[in-house]
Amino acid sequence: MVKYFCCAGLLKTTWDQVCVAFWQRYPNPYSNHVLTEDIIFREVTPSNCLISRRLLTKTSRAPRWMERYLPKHMASSAYIIEDSIVDPQKRTMTTLTWNISHARLMSVEERCEYRINPENGSWTEIKREAWISSNVYGLSRAIQEFGLARFKTSVTKTMKGFEYVLSKMQGETPSRTLAETATERARETALAAKEKAKDLASHAQKKHTALG
């Protein structure tokens, strides 16, 4: 059995800018899980298409119930292959990504196609497909459901990361530095205040006990 997922996305930026941003999207605040990226090969075909293959290393924390099926040194990272074809004549960019780590446990293949939006030539539409499979007897369905849920979360982060990089390229202030950074700092401040309150309460209790 294979879980299939398909969704569409829209970037309100030209196809050319999206192609440039694709190669510059790491690092960004939404891709902290991407540790390294290395180009394995790259060539231009006689038809002027750019073909590339990259190796990505990502953190990939598995749920506790799944960790026992993985060697300890493999439970927190994964290697991903990313193939891409940029066709400047058809104005399309197609990517195919799949994991080479933990593939026996769970395989995730993703295909994305970036093309000019037919309703607005200044926008770029994305068709994203994914195939998630597992051959672990008795656990395949649970693993596939886990993989699908994680993939959907990853798609959201990927789109936000893309928008962040595009904003920087266009000289705009990325929204991350406005609302989200403020929210994070507020949470950090609240957490620090909570810890300080605990310390004060602890000291007060000790003092009260000593006086008693």
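A quick note: this is a predicted structure, and the numbers were derived from the prediction, not measured.
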Exercise for review: Give the minimum heavy-atom separation between Arg128 and Cys112, together with the two atoms involved.
Suggested key: NH1-SG, 3.3 Å
**Study point:** Flag if over 12 foreign heavy atoms under 6.0 Å of CD, Glu43
**Key:** yes
Point to revise | Candidate pair Val136 and Leu105, rule side-chain contact (heavy atoms from CB on, under 4.5 Å), full reasoning | key: CA-CA 6 Å; Val136 179; Leu105 180 65; 3.4 Å; yes
Practice item. Kindly say whether Trp123 contributes a backbone atom to a donor-acceptor pair with the side chain of Trp15 at under 3.5 angstrom? Key: no
Check your understanding: Does the side chain of Thr57 pick up a donor-acceptor pair with the side chain of Thr36 at under 3.5 Å?
Key -> yes
**Study point:** Distance (rounded to the nearest 0.5 Å) between Lys90 NZ and Arg115 CZ
**Key:** 9.0 Å
Revision key, fill the gap. So OG of Ser47 and CG of Asp87: to nearest 0.5 Å the spacing works out to 6.5 Å
Practice item. Treating Ile, Leu, Val, Met, Phe, Trp and Tyr as nodes and any side-chain heavy-atom pair under 4.5 angstrom as an edge, say whether Ile85 and Ile80 lie in one connected cluster. Key: no
Review point. For atom CZ of Phe151, is the number of surrounding heavy atoms from other residues, nucleotides or ligands below 6.0 Å larger than 12?
Key: yes
Check your understanding: Within the distance-only criterion (no hydrogens, no angle test), does the side chain of Ser31 pair as donor or acceptor with the backbone N or O of Asn28 below 3.5 angstrom?
Key -> yes
Review point. Any donor and acceptor pair, going by atom type alone, linking the side chain of Asn99 with main-chain N or O of Met106 inside 3.5 Å?
Key: yes
Point to revise | Closest heavy-atom pair and its distance - Glu125, Pro118 | key: OE1-CD, 3.4 Å
Practice item. Determine, step by step, whether Tyr79 and Leu55 satisfy the side-chain contact (heavy atoms from CB on, under 4.5 Å) criterion, reporting the C-alpha distance in whole Å, the side-chain angles of both residues, the deciding distance to 0.1 Å, and the verdict. Key: CA-CA 7 Å; Tyr79 294 106; Leu55 174 66; 4.1 Å; yes
Check your understanding: Is it true that a side-chain atom of Ser107 and a backbone atom of Ala103 form a donor plus acceptor pair closer than 3.5 Å?
Key -> no
Check your understanding: Which distance, rounded to the nearest 0.5 Å, do you find between the CD of Gln89 and the SG of Cys49?
Key -> 7.0 Å
Check your understanding: For the hydrophobic clusters of this structure (ILVMFWY residues joined by side-chain heavy atoms under 4.5 Å, transitively), does one cluster hold both Tyr164 and Tyr26?
Key -> no
Practice item. Spell out, as yes or no, whether a donor-acceptor pair under 3.5 Å connects the side chain of Thr124 to the backbone of Thr13. Key: yes
Exercise for review: May I ask you to test the Ile81-Arg53 pair for a side-chain heavy-atom distance under 4.5 Å?
Suggested key: yes
Check your understanding: Looking at Glu109 and Trp98, what are the two nearest heavy atoms and their distance?
Key -> CG-CB, 3.9 Å
Check your understanding: Closest approach of Ser133 and Val2, non-hydrogen atoms and distance?
Key -> CB-CG2, 3.9 Å
Check your understanding: Are Leu96 and Ile100 connected, step by step, through hydrophobic side chains (Ile, Leu, Val, Met, Phe, Trp, Tyr) whose heavy atoms are closer than 4.5 Å?
Key -> yes
Point to revise | Where at least one partner belongs to residues 16-35, residue pairs that pass salt bridge (Lys or Arg N to Asp or Glu O under 4.0 Å), sequence neighbours excluded | key: Asp16-Arg91, Arg25-Glu82
Review point. If you round to the nearest 0.5 Å, how far is CH2 of Trp23 from CG of Leu50?
Key: 5.5 Å
Review point. Does CZ in Arg42 sit with more than 12 non-hydrogen atoms of other residues, nucleotides or ligands closer than 6.0 Å?
Key: yes
Check your understanding: Taking the inter-plane angle between the rings of Trp131 and Tyr4 on a 0 to 90° scale, is it parallel (under 30°), tilted (30 to 60°) or perpendicular (over 60°)?
Key -> tilted
Point to revise | Any donor-acceptor N or O pair under 3.5 Å, side chains Gln17, Thr14 | key: yes
Check your understanding: Is there a chain of hydrophobic side chains (I, L, V, M, F, W, Y, each step under 4.5 Å between heavy atoms) that links Ile116 to Phe22?
Key -> yes
Check your understanding: Between the main-chain N or O of Ser154 and the side-chain N or O of Thr158, is there a donor-acceptor pair closer than 3.5 Å?
Key -> yes
**Study point:** Heavy-atom pair with the smallest gap, counting every atom of Gln24 and Val165
**Key:** O-CG1, 3.8 Å
Review point. Going hydrophobic residue to hydrophobic residue with side-chain gaps under 4.5 angstrom, can you get from Ile126 over to Leu166?
Key: yes
Practice item. Determine yes or no for a side-chain-to-main-chain donor-acceptor pair under 3.5 angstrom, with Thr95 supplying the side chain and Ser84 the backbone. Key: no
Study note, to complete from the structure: Scanning both residues in full, the closest heavy-atom pair of Thr45 with Ile51 reads CG2-CD1, 3.3 Å
Check your understanding: Is it the case that more than 12 heavy atoms not belonging to Asn120 sit under 6.0 Å from its CG atom?
Key -> yes
**Study point:** Interatomic distance, Thr92 atom OG1 to Glu113 atom CD [nearest 0.5 angstrom]
**Key:** 6.0 Å
**Study point:** salt bridge (Lys or Arg N to Asp or Glu O under 4.0 Å) assessment of Glu163 paired with Lys12
**Key:** CA-CA 9 Å; Glu163 290 168 354; Lys12 296 181 179 180; over 6 Å; no
Practice item. Evaluate side-chain contact (heavy atoms from CB on, under 4.5 Å) for Arg104 paired with Asn135, printing each intermediate quantity in order. Key: CA-CA 7 Å; Arg104 291 185 178 181; Asn135 294 318; over 6 Å; no
**Study point:** Glu129 CD to Glu110 CD distance, which is reported to the nearest 0.5 Å
**Key:** 10.0 Å
